[in-house]
Amino acid sequence: MIRAVVFDVGECLVDETREYGTWADWLGIPRHTFAAVFGAVIAQGRDYRDVFQEFRPGFELYEQREARARAGQPEHFDETDLYPDVRPALARLRASGQWLGIAGNQTVRAGGILRELFTGDVDLIGTSDDWGASKPDPEFFVRVGDAVPFANDEILYVGDRLDNDIRPALAAGMRTALIRRGPWATIQWATEAAKRLPTVRIDSLSELPEQIAELNAQGR
């Protein structure tokens, strides 16, 4: 039985178009050029942070985040950046009795924004900066498992990446849902691993209540 659903943040709940667009602006790179190189880096199986090195060798992401904040241009997202299916899906899952969580690779500042947006809607908000462990480190999913009051095989982790979300969550004994949006899922969707590894594959969070109901019915 799936009793808890835990969501990744970027490209699962939050559309990161604005975030990466502002990074292109900070670097002085046309947004379409930044996006094209970003996609190429992902398709090559490289760390997304390599895209910054393509434009500015030696780029330090943490230092530049701080520099942006000092310049009055900190990382930011708000209600308008949420995918439109997020609120309805959370409400339906909550109504069905699911325990809900949000856990992703996010900074302290982003964690604060998530708490402003979702504290009344979910039972857990955890970030890599909170826990001192970043996906795909197994320790991140140990922290998720410790925070959720159910067994790992009763947790469905929802994310958009095979490498950061699906594989390590499965290794931790969790169920997984791969959502088809954002650059990673779009590029990886047709691969054999993307077809084989996730417990379920979805195009929208609105599909989750029915998918979970079907899985739970099969387990009875």
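Numbers here simply count residues along the sequence, with the first being 1.
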Worksheet entry | Same cluster (ILVMFWY, side-chain, under 4.5 Å), L215 and I155 | no
Fill in: Pairs touching residues 144-160 that satisfy salt bridge (charged side-chain N to carboxylate O under 4.0 Å, His left out), sequence neighbours left out
R3-E154
Worksheet item: Short question: side chain of Y157, backbone of P168 - any donor-acceptor pair under 3.5 Å?
Response: no
Worksheet item: Judged by atom type as modelled, is there a donor-acceptor pair below 3.5 Å linking the side chain of D123 to the main-chain atoms of W99?
Response: no
Worksheet item: Within the side chain of T22, is there an N or O that forms a donor-acceptor pair under 3.5 Å with the backbone of E19?
Response: yes
Practice prompt. Output all residues satisfying side chain to side chain donor-acceptor pair (under 3.5 Å) with T176, sequence neighbours left out; order by chain, then residue number.
Written response: none
Worksheet item: With sequence neighbours left out, what residues match F7 under ring-ring contact (aromatic ring centres under 6.0 Å, His included)?
Response: none
Worksheet item: Does some side-chain heavy atom of D121 sit less than 4.5 Å from a side-chain heavy atom of L100?
Response: no
Worksheet item: If we only count heavy atoms from C-beta on, is the Q211 to L156 side-chain gap below 4.5 Å?
Response: no
Discussion item. A side-chain contact here means heavy atoms from C-beta on lying under 4.5 Å apart; do V9 and F118 qualify?
Written reply: no
Discussion item. For Q106, is there any backbone N or O sitting under 3.5 Å from a side-chain donor or acceptor partner on S128?
Written reply: yes
Worksheet item: Looking at residues at least two apart in the chain, or sitting in another chain, which of them share a side chain to side chain contact (heavy atoms under 4.5 Å, CB included) with D137?
Response: A133, E139
Practice prompt. For residues 186-199, pull every pair meeting side-chain hydrogen bond (donor to acceptor under 3.5 Å, both in side chains), keeping only residues two or more places apart or in separate chains.
Written response: E192-R196
Response to the item:
Residues at least two apart in sequence or cross-chain that pass ring-ring contact (aromatic ring centres under 6.0 Å, His included) with F38, listed by chain then number, are Y20, W184
Worksheet item: Would you call P136 and R167 a side-chain contact if the rule is heavy atoms closer than 4.5 Å?
Response: no
Practice prompt. Using only heavy-atom distances, determine whether the side chains of Q64 and W26 contain a donor-acceptor pair under 3.5 Å.
Written response: yes
Practice prompt. Using a strict cut-off of less than 4.0 Å between a Lys/Arg side-chain nitrogen and an Asp/Glu carboxylate oxygen, indicate whether R18 and D25 qualify as a salt bridge.
Written response: no
Worksheet item: Does the side chain of D15 come within less than 4.5 Å of F77's, by heavy atoms?
Response: no
